[in-house]
Amino acid sequence: MKQHLRPAIFLFVGLSMLTGLVYPLLVSAIGQTAFPQQAGGSLITSDGGIVGSRLIGQHFSSPGYFWSRPSATAPYPNNAAASSGSNLGPLNPALSDAVQQRVAALQTSPASPSAVPVDLVTSSASGLDPDISPAAAYFQVARIAQARHLTADQLNALVTAHIEGRQFGVLGEPRVNVLALNLALDAQQPQHHGSE
Amino acid sequence: MNANALLQVAIYLAALMLLTKPMGLYLHRAMEGRLPVLGKLLGPLERLLYRISGVNPQQEMGWKSYTVALLLFNGIGVLAVFFLQRLQGSLPLNPAGMGEISLDSAFNTAVSFVTNTNWQGYAGESTMSYLTQMLALAVQNFLSAATGIAVVIALIRGFARHSVATIGNFWVDMTRSTLYVLLPLSVLLAVLLMGQGVIQNFSPYQQVNTLESITYSQPALDAQGQPKLDSDGNPAQETITSHTQTLAMGPVASQEAIKMLGTNGGGFFNANSAHPFENPTPFSNFLQMLAIFLIPAGLCYAFGLMVGDRRQGWAIWTAMALLFVAMTTVSLWAEQDGNPILTTLGVDQSSSPLQSGGNMEGKETRFGITASALFATITTAASCGAVNAMHDSLTPLGGLVPLWLMQLGEVVFGGVGSGLYTMLIYAVIAVFVAGLMIGRTPEYLGKKIEIFEMKMSAVILLVTPILVLLGTAIAVMLPAGLAGIANPGAHGFSEILYALSSAANNNGSAFAGLSANTPFYNLLLAVAMAVGRFGIIIPILAIAGALAAKKRITPGLGTLPTHGPLFIALLIGTVVLVGALTYVPALALGPVIEHLQMVAGH
């Protein structure tokens, strides 16, 4: 025991310095040099101010914007300082109640005949999902067309232009970045302020 | 299952198979300290570390001395992590002003990270300072993984050597696995992850102006931070309209890399690898999944090299891969099949080119069903415990797969070091069972398996089931245990069973609805993690010592070959049988009942 005490303490301190300070600082130095934009959080600036991160979903509720997926973060949705899923089990009545309400909210004006894409009525794992499925984006076109007085064709074209395919054609799933899509929507029709 | 799902799984397996040999060769050389380029570069640092700590790298240890060194080193780790959390309020690199952690939570987290479990009762972005994340938690990500590598290398030496009293030098094994294996791989992976968008900075949390404002209500607090009461004496609510979003920041990429490579799994953020800043793209997700199995798979090959017969390593690898494919299939099918209750509510869960469909509650759009189900299987096959989807919201069978994989002892590639050393014990038991059937003294890799080894193996097999089943029984009998349950019915039982299975097998993933940051769970789970880790390592090292001391016997006609299909089938059968016999009754009360209820439409 005693002969092990010095190696244990000194090696612990030495390896801690190496892995706990030198290593993260080295990675930071590489990040600041090679990938400053990504290492800083992929922030999007518009009119000189930061309007969000490309990677972090925002909450949208007015009819004239594409809505993000439901978020279970507290005390408000899409709280990027407290990521969290809902942790509701598949048979929990709270889940079916919540889904029922979301379906109702999406099928109001104008009533949509088709079933609602599942990602649009289920909360994401992080509560910060920046994306929705292409199906979920197309599903919302009718509502936005009415709110913004645009044609469905214009909006469908906008959605199609914003679809990100599977990475390298294989990995993950096709998706649409909601913040980027809404920024493009505002750029196309700047007079709209997102509340009616 | 659609064609793309099969393709994603196939690419993953192919990449893993291709990397197994180079990784194994690398590990073998690194642990012997004879790497050509890195050896020259980092060799002086290695020797400096030995000099300041007074280590003589030539001096080998017997198993008892090796064990004492290991326990002492890990004990210092617990103290360091504990006190860094308690003192973080007055230490630097704390831009968000995080205060000290409570006694029970700090103790739980210290044990959790030292035992390679990385169970997290806390939420990273609202609890830990940058310094704590780096100097307490990430350090243990390295050192607990290095400990696992040291133990498995010591066990393999027991098989490879004969008639000697020593199994290696713990300090040398720790230093080399950290310096030559974990550090360079982590730098490489961290850089790749940053390229995909994983953040790495020391900025304070970033305020951004959102496109739309948000209105919400929360309990009002007075100047002292106490809840305000309205005129009726009820807690008052205040309505807030906010035009900003606060983005949590931090040195994430460096921690993310070792979190996966070391099969640690403790997320920088609460949402772990589901958080877009930890895992922003399908490719970052692929890299993370590959990183989990990389070293465990490589160790199989290194094992073959060290015992002088590479087929032995590939036999173990194949048994693991077959189990993995079977479990992945179940998980993919269950999650893609979705939740029938949602279909009745007018929800479209079908898979199409425009959406992944399936059970998307608690999953991220960019990963969909395939990359989430695959991740859930990998993270629990290994002792990683990182999650890119919320396991609590998996379908009953989709949740049974990770639960059972942990209960099998995480031997399907498994944790760094721990996966292989536990699987080798299953191999010993498999040859013992085969020996009983044909009436011969069992032997494995030229070593007779005798009473002492079997006693120790029995201890290893019994430790975790006792912790899991007894722990679960205690928790469901006490109000303090039941208070943590979030979901009603059988699922609530599954939450507790999952927590104990995760802790005792040093996984760290959770059915996270369970409110486990309470003194009761913090203590119960800390005990499960500590005993589940060291209650296995100590008998493993005892077996290593006993094997090293044995003479080598030459295989005869009656020797069971341990590199062919027969042995692979026997090994798989042993793992599955032991796992099934131990856990089926408990599983029946949780996910099995829940599945039947779901099918029946309740």
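Every chain is numbered from 1 and lettered A, B, ... according to where its sequence line falls, protein lines coming before strand lines.
Under a 3.5 Å cut-off, the side chain of Q100(A) and the backbone N or O of L345(B) do not form any donor-acceptor pair. In this structure, the side chain of S393(B) engages the main chain of L88(A) through a donor-acceptor pair within 3.5 Å. The closest donor-acceptor contact from the side chain of T365(B) to the backbone of D131(A) lies under 3.5 Å. Checked by atom type and distance alone, the side chain of N487(B) pairs as donor or acceptor with a backbone atom of G89(A) at under 3.5 Å. Using a distance-only test at 3.5 Å, with no hydrogens or angles considered, a donor-acceptor pair links the side chain of H4(A) to the main chain of S65(B). Within the 3.5 Å criterion, the main-chain N or O of P117(A) finds no donor-acceptor partner in the side chain of Q355(B). In terms of modelled atom types and a separation under 3.5 Å, the side chain of Q200(B) and the main chain of A39(A) share no donor-acceptor contact. With hydrogens and angles disregarded, no donor-acceptor distance shorter than 3.5 Å links the side chain of N182(A) to the backbone of L211(B). Using a distance-only test at 3.5 Å, with no hydrogens or angles considered, a donor-acceptor pair links the side chain of N270(B) to the main chain of S83(A).
Considering only heavy-atom pairs separated by less than 4.5 Å from chain A, the leading option among E361(B), M61(B), H275(B), M390(B) is E361(B). For chain B, the option among V99(A), L18(A), I56(A), I30(A) with the highest count of heavy-atom pairs below 4.5 Å is I56(A). In terms of heavy-atom pairs under 4.5 Å with chain A, the best-connected choice from L48(B), V55(B), L49(B) is L49(B). Between chain B and the options P174(A), G41(A), G127(A), heavy-atom pairs under 4.5 Å are most frequent for G41(A).
When heavy atoms are compared at a cutoff of 4.5 Å, L342(B) approaches chain A solely by way of its side chain, counted from C-beta outward. Only the side chain of Q218(B) comes within contact range of chain A, judged by heavy atoms closer than 4.5 Å. Contacts between L394(B) and chain A at a heavy-atom distance below 4.5 Å involve the backbone alone (N, CA, C, O). If you measure heavy-atom distances from L43(A) to chain B, the contacts under 4.5 Å come from the side chain alone. Proximity to chain A is limited to the side chain of Q245(B), based on heavy atoms less than 4.5 angstrom apart. For a residue to count as touching a neighbouring chain, one of its non-hydrogen atoms must lie under 4.5 Å from one of that chain's; by this rule L25(A) touches chain B with the side chain only. When heavy atoms are compared at a cutoff of 4.5 Å, F283(B) approaches chain A by way of both its backbone and its side chain. P70(A) does not touch chain B: none of its heavy atoms, backbone or side chain, sits under 4.5 Å away. If you measure heavy-atom distances from Q3(A) to chain B, the contacts under 4.5 Å come from the side chain alone. No part of L182(B) comes within reach of chain A, as not one of its non-hydrogen atoms sits under 4.5 angstrom from that chain. Proximity to chain B (any heavy atom under 4.5 Å) is restricted, for L26(A), to the side chain, taken from C-beta onward. With a threshold of 4.5 angstrom between heavy atoms, I214(B) approaches chain A through side-chain atoms but not through N, CA, C or O. Interface remark: R69(A) contributes side-chain atoms only to the contact with chain B (heavy atom separation under 4.5 Å). Heavy-atom distances place both the backbone and the side chain of V187(B) under 4.5 Å from chain A. Of the atoms belonging to S372(B), not a single heavy atom falls under 4.5 Å from chain A. Using a 4.5 Å cut-off between heavy atoms, N339(B) touches chain A through its side chain atoms alone. With a threshold of 4.5 angstrom between heavy atoms, Q133(B) does not approach chain A through any atom at all. With a threshold of 4.5 angstrom between heavy atoms, V51(A) approaches chain B through its backbone and through its side chain. If you measure heavy-atom distances from N388(B) to chain A, the contacts under 4.5 Å come from the backbone alone. For Q206(B), the part lying under 4.5 angstrom from a heavy atom of chain A is the side chain only. With a 4.5 angstrom heavy-atom cutoff, E164(A) does not touch chain B via any of its atoms. Both the backbone and the side chain of A81(A) come within less than 4.5 Å of a heavy atom of chain B. Proximity to chain A (any heavy atom under 4.5 Å) is restricted, for F202(B), to the side chain, taken from C-beta onward.
Side-chain atoms of V118(A) and D348(B), non-hydrogen and from C-beta on, never get closer than 4.5 Å to each other. You'll find the side chain of Q167(A) reaches within 4.5 Å of the side chain of Q196(B), heavy atoms only. Two residues are said to be in side-chain contact when any heavy atoms from C-beta on lie closer than 4.5 Å; R366(B) and D129(A) meet this criterion. Side-chain atoms of F277(B) and L128(A), non-hydrogen and from C-beta on, never get closer than 4.5 Å to each other. Put simply, the side chain of S356(B) does not reach to within 4.5 Å of the side chain of S133(A), judged on heavy atoms. Inter-residue side-chain proximity for F511(B) and N87(A) is flagged as unmet; no heavy-atom pair is nearer than 4.5 Å. Taking the side chain as every heavy atom from C-beta outward, S61(A) and E212(B) approach each other to under 4.5 Å.
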